[in-house]
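Before any comments, here is the structure.
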Amino acid sequence: MAVVEQTHSQLFTLRVWGEDVGNGRSEIRGILKHVLTGEIYHFRNGNDLSKLIESLTISAQDHLSGGKT
């Protein structure tokens with residue numbers, strides 16, 4: 001029988017829009033909401049979003065493993 005490694009996933013909702021910042025430029029803005037906790041996080045670009053998701057996922061893994069990663 002094969003052993004299946006179980007992973008813990010996170011569920012988020014994501015709202016993204018472009019915002020005019022002047023001089024014909026726009027930036028990506030958005031809100032990331034963790035569905036289970038209701039926590040809301042704001043971000044201003046794709047790099048910030050990526051770091052945020054990585055941080056939240058690692059934090060959740062640490063919490064589930066009792067701090068042992």
Side-chain angles (χ1 to χ4, degrees):
M1 180 182 254
V3 175
V4 177
E5 185 178 326
Q6 193 172 37
T7 60
H8 299 279
S9 63
Q10 301 294 310
L11 181 60
F12 300 97
T13 59
L14 176 64
R15 180 175 177 232
V16 181
W17 63 92
E19 189 163 309
D20 182 17
V21 293
N23 296 328
R25 297 180 327 137
S26 63
E27 291 182 349
I28 294 175
R29 303 282 172 95
I31 298 172
L32 182 72
K33 180 178 180 181
H34 190 275
V35 173
L36 298 177
T37 65
E39 292 179 73
I40 295 175
Y41 306 90
H42 298 264
F43 61 91
R44 298 185 99 172
N45 59 54
N47 193 38
D48 289 349
L49 173 61
S50 176
K51 289 178 182 178
L52 181 57
I53 291 173
E54 182 177 358
S55 173
L56 293 169
T57 303
I58 289 170
S59 177
Q61 288 286 318
D62 285 349
H63 178 72
L64 291 171
S65 67
K68 302 172 196 157
T69 54

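In this chain, residues are counted from 1 in sequence order. Treat the numbers as computed from the prediction; the structure is a model and nothing was measured.
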Given L32 and H34, is the side-chain contact (heavy atoms from CB on, under 4.5 Å) satisfied, shown in steps?
CA-CA 7 Å; L32 182 72; H34 190 275; over 6 Å; no

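Every residue two or more places apart in sequence or in another chain was checked for a ring pair (Phe, Tyr, Trp, His ring centres under 6.0 Å) with Y41, and none qualifies. D20 meets the side chain to side chain contact (heavy atoms under 4.5 Å, CB included) test with no other residue; sequence neighbours excluded.
Rounded to the nearest 0.5 angstrom, F12 CZ and L49 CG are separated by 9.5 Å. The CZ atom of R15 sits 10.5 Å away from atom CZ of F43, with the distance rounded to the nearest 0.5 Å. In this structure, CD on Q10 lies 7.0 Å from CG on L36, to the nearest 0.5 angstrom.
L56 has its side chain out of reach of I53: every pair of non-hydrogen atoms, C-beta onward, lies at least 4.5 Å apart. V21 has its side chain within reach of R29: a pair of non-hydrogen atoms, C-beta onward, lies under 4.5 Å apart.
No more than 12 heavy-atom neighbours from other residues, nucleotides or ligands sit within 6.0 angstrom of CD1 on I28.
With N23 contributing its side chain and R25 its backbone, the two residues share no donor-acceptor pair below 3.5 Å.
The only option from T13, L14, I40 that meets the side-chain contact (heavy atoms from CB on, under 4.5 Å) definition with I31 turns out to be I40.
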